[in-house]
Amino acid sequence: MAISVKNSGLGVIGPVSWGFHLCLLYRTREDLLEILLPYVKAGLDENDLVIWITDDPLPQEDLENILQLEIPNFAEVTESGQLQLYSTPEWYFPQGEFNFQVVDRRWQEKEKEALERGFNGLRVTGNVSKIPSQVWPQLQAYEERIHASIGQSKMIAICQYDLNLCSAEQIVDILQHHPHGLLKQKNKWVKFESPVSQFFALKLEERERLFASLVRSSHAGVLIVDDQYRFIFVNDELCRMLGCEREEIIGRDFRDFLDEESRRLVANRYLRRQRGEDVPPRYEFNILRRDGHKRRVEIISNVVKDSQGKPQTVAQLLDITDKKRAEQALAESEAYYQSIFENAHDAIIIFEPQEEIILDANPRACELYGLPREEFIGRSLQEFSKDPSRGRKYIKKTLETGTLRELQTIHVRPDGQEMILEVNAAVINYKGQLAIISIHRDITDRIRTRQALEEERAFLNELFEATPSAIVMTDNQRKVLRINQEFSRLFGFTPEEAVGRKIEELVVSQEEIERLREKIERKLIRGKSIVYEAVRKTKKGKIIDVQVTVTPIVVEGKLRGYYKLYQNISQRKRAERRLRESLKEKTVLLQEIHHRVKNNMQLIASLLRLQASRSQNEEYRRLVEVGYQRIRSMALVHESLYQMENLARIDFADYTDRLVNHLYAAYFPEDRGKNIQVKICIQNVYLDINQAIPCGLILNELINNAFKYAFVGLPGGRLEVLMHPRGRKYYRLEVSDNGVGLPTNLELDKLPTLGLQIVVDLVKQLEGKLEINREKGTSFIIIFPRKRIR
């Protein structure tokens, strides 16, 4: 494959190919322009995309003025983007710090841009002389990376270094990573292919000065040991490290300054190196200071021969005690923060800011987005954002400010579920590259709950104001917190007049307060609502009847206040008073009617008895007596109604008790009935007159039969009358005895006596059902529908 040849624009260099990498060692502004102007012009002629990164002594503004004079079509090439100028901070410190991965990626993007726009390739030059010394190691790693990768790219590059600012050590580092170099000597540019050897050859006369400067300025302890373990040279830093004067060290055996653990290791490697064996030049051990303190050091050593051919060990010692402690602390810190990262309740995601590619994520993040870690990492956060452009805006803001606080955004899971997230983020250095760490908290439920609460609050406020009842809200001391419009209309107080005052001061008289306090206080303390009627006064002193509903406000078991609703019932109370007067008149009239009916029925019964007493026919007298009891049972119904305040219903328990006592006295005068036990159990049974009369007649017939026939030939017995509601729709009435029982062949449709036939007919009248149980005596069970009684 043919190799593309490029015009470098430099006579001392000649034609070059893609991948050409040169270091320019300059001293003056004129040096820079002498080399770089023809280099850049040749690039524009060759249809290259040219980038010039400049700094003092040739700042960007000065350079632009010079190029306008030197390049006739300067405006055209800069507007088209073929020539791009940047300052050193702008290019190498885009986020305020030097990150060689970011800078390297920018070169790759520029190369891609050049080819996509139809340029032949990328021609660059950059000034890195003023990069701070603390990032020098990163810069050299960057230069090493460029040196390793530029041969596979369509790029040629010249790196500018100011000899006035570079130390001897830095010049060595620079030349190690550049295959070509330019240096001006005696006003003539010299090209060298083996930079290190050429440089030292050119500077041979300065060898001693450079060596002395290197040793003097070194932050490492420098030493030379002869073939008998003795120090023959040490620098000031090594003396400081050992805590001794130079005179105390020179001539001493170096093993005297090692602890027991390190002595054998260092002596063994020393001897092997003296014999010419292949021994790693870099390793760690412990030294002992004169004060007895132990320090950890790293040695870089080499063997050279003196003028007589004897081996000498030349070495540098770096005190790494603090570094080791820091590394240990860092390891512990990393373990600690990794534990936090893995076990955090919030989702934590680390991503690079350009394409938002996810670099790392904790288990909670994978759970939140519904993806396993191996599928989640490597994807872009843009895939999950509902509004990627808004996301990019805030990423840019994060890069500018370094942090982002409490951003609310919406992300969508792969299953389509939307999540409202609260995001906090910060810019970090993650494994040597610029990244953003973001903490995602799912606040979907919280936001929706808040929205629901706000909607509910708005609804309740509207309800509070629009309700037709007067409402006042007070604290637990009964001071008014709020009133609604109806309260103002009813009582005449504005909110400004009412709020802050006790409700009693506004609408309740002192007498009413004392009367109600004991009545309602206990219920309210138990958290119960109460409803009562009372009289209240308006702002103008008018007395009105109201229905008051008081509801305590209890929060977490503590009484916080009260809601009080007032309904004006003055018209209703007046109507009730008129109705009560009318009802009282009607009640007196009905009671008088029931009383007269009862008296008339008793008179009829008494006349029948009187007529029967004159007859000698026993059967006639017996029939009259039965009729008398039946009339008597109906008269009792009217007597019960006459005696009750509510004429619409009869207390059937009281009625039954009176009926049974009457019949018992009739059948068992004096002591004849002492052995007959009667049990009555009727609960919560109230009947209207339409059900009370047939039920009374049924009881009359069944009890009559029991007293007359059930205990014949027996010394005694038991009669039970039970009645109670059966659910909400039925009553259950049971009359049972433990007497001789009914014949086994008795059928309901062929009853032999009139009394039992009357019972069957009355059950039908009640729309009920009759059952007869003949076990251990006789039980009559009647189930019939309940009727609503007003």
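Note: hydrogens, waters and symmetry copies are ignored here, and every other heavy atom, side chains too, is used.
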What's the spacing between [X] [atom1] and [Y] [atom2] if we round to 0.5 Å?
{"X": "N73", "Y": "L83", "atom1": "CG", "atom2": "CG", "result": "9.5 Å"}
{"X": "K112", "Y": "Q108", "atom1": "NZ", "atom2": "CD", "result": "10.5 Å"}
{"X": "K184", "Y": "E30", "atom1": "NZ", "atom2": "CD", "result": "8.5 Å"}
{"X": "L63", "Y": "R29", "atom1": "CG", "atom2": "CZ", "result": "8.5 Å"}
{"X": "I249", "Y": "I232", "atom1": "CD1", "atom2": "CD1", "result": "14.0 Å"}
{"X": "L265", "Y": "E284", "atom1": "CG", "atom2": "CD", "result": "10.5 Å"}

Does the side chain of [X] reach to within under 4.5 Å of the side chain of [Y], using non-hydrogen atoms?
{"X": "D360", "Y": "I348", "answer": "no"}
{"X": "F257", "Y": "R252", "answer": "yes"}
{"X": "I35", "Y": "T125", "answer": "no"}
{"X": "F351", "Y": "I395", "answer": "yes"}
{"X": "L36", "Y": "L24", "answer": "yes"}
{"X": "I437", "Y": "Y430", "answer": "no"}
{"X": "R269", "Y": "P280", "answer": "yes"}
{"X": "V266", "Y": "F254", "answer": "yes"}

Checking [X] side chain against [Y] main chain: does a donor-acceptor pair fall under 3.5 Å?
{"X": "R255", "Y": "R263", "result": "no"}
{"X": "N424", "Y": "I439", "result": "no"}
{"X": "T54", "Y": "Q60", "result": "no"}
{"X": "D48", "Y": "V50", "result": "no"}
{"X": "T88", "Y": "N127", "result": "yes"}
{"X": "T321", "Y": "R296", "result": "yes"}
{"X": "E111", "Y": "K154", "result": "yes"}
{"X": "N7", "Y": "A42", "result": "no"}
{"X": "Q312", "Y": "I224", "result": "no"}

More than 12 heavy atoms of other groups within 6.0 Å of [X] [atom1]:
{"X": "E277", "atom1": "CD", "answer": "yes"}
{"X": "E355", "atom1": "CD", "answer": "no"}
{"X": "R264", "atom1": "CZ", "answer": "no"}
{"X": "N65", "atom1": "CG", "answer": "yes"}

Does the side chain to side chain contact (heavy atoms under 4.5 Å, CB included) test come out yes or no for K294 and L288, once each step is laid out? CA-CA 5 Å; K294 187 184 296 185; L288 286 175; 4.3 Å; yes
Of the options D31, I13, I158, which is the one that meets L182 in a side chain to side chain contact (heavy atoms under 4.5 Å, CB included)?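 It is I13, the one option of D31, I13, I158 that forms the side chain to side chain contact (heavy atoms under 4.5 Å, CB included) with L182.
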Can you spot which of I428, N362, I436, I377 makes a side chain to side chain contact (heavy atoms under 4.5 Å, CB included) with I350?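 The residue from I428, N362, I436, I377 that satisfies side chain to side chain contact (heavy atoms under 4.5 Å, CB included) with I350 turns out to be I428.
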Salt bridge (charged side-chain N to carboxylate O under 4.0 Å, His left out), that's the test. Do K110 and E113 meet it? Break it down for me. CA-CA 5 Å; K110 285 296 181 184; E113 175 187 340; 3.4 Å; yes
Aromatic rings Y270 and Y229: how do their planes relate, parallel, tilted or perpendicular, breaks at 30° and 60°?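 Tilted.
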Please assess K396 against E400 for the test side chain to side chain contact (heavy atoms under 4.5 Å, CB included), listing each intermediate value before the final yes or no. CA-CA 6 Å; K396 183 179 179 181; E400 291 172 352; 3.4 Å; yes
Work out which heavy atom in [X] is nearest to a heavy atom in [Y]; give both atom names and the distance.
{"X": "L359", "Y": "A435", "answer": "CD1-CB, 4.1 Å"}
{"X": "E375", "Y": "R379", "answer": "O-CD, 2.9 Å"}
{"X": "A114", "Y": "G121", "answer": "CB-O, 3.7 Å"}
{"X": "I156", "Y": "Y39", "answer": "O-OH, 3.4 Å"}
{"X": "Q82", "Y": "N47", "answer": "NE2-CA, 3.8 Å"}
{"X": "Y394", "Y": "T398", "answer": "O-OG1, 2.7 Å"}

Pair E46, R123 - check salt bridge (charged side-chain N to carboxylate O under 4.0 Å, His left out), show working. CA-CA 10 Å; E46 290 273 318; R123 181 179 298 227; 5.0 Å; no
Hey, would you say the W52 and W91 ring centroids sit under 6.0 Å apart?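 W52 vs W91: aromatic centres not under 6.0 Å.
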Between Q338 and E342, is any side-chain donor less than 3.5 angstrom from a side-chain acceptor?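 Their side chains do contain a donor-acceptor pair, which is all the 3.5 Å distance test asks for.
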Distance-only donor-acceptor check, side chains T313 and R273, under 3.5 Å: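 Side-chain D/A pair, T313 to R273: absent.
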Stepwise side chain to side chain contact (heavy atoms under 4.5 Å, CB included) check, R295 with M241: CA-CA 8 Å; R295 304 290 291 182; M241 291 169 64; over 6 Å; no
Could you give me the CA-CA distance, side-chain angles and deciding distance for D236 and R246, then say whether salt bridge (charged side-chain N to carboxylate O under 4.0 Å, His left out) is met? CA-CA 8 Å; D236 293 343; R246 182 176 283 101; 2.6 Å; yes
Give the intermediate values and the outcome of side chain to side chain contact (heavy atoms under 4.5 Å, CB included) for residues V234 and L242. CA-CA 11 Å; V234 293; L242 295 175; over 6 Å; no
From CA spacing to verdict: salt bridge (charged side-chain N to carboxylate O under 4.0 Å, His left out), E237, R240: CA-CA 5 Å; E237 179 62 18; R240 189 196 64 78; 2.5 Å; yes
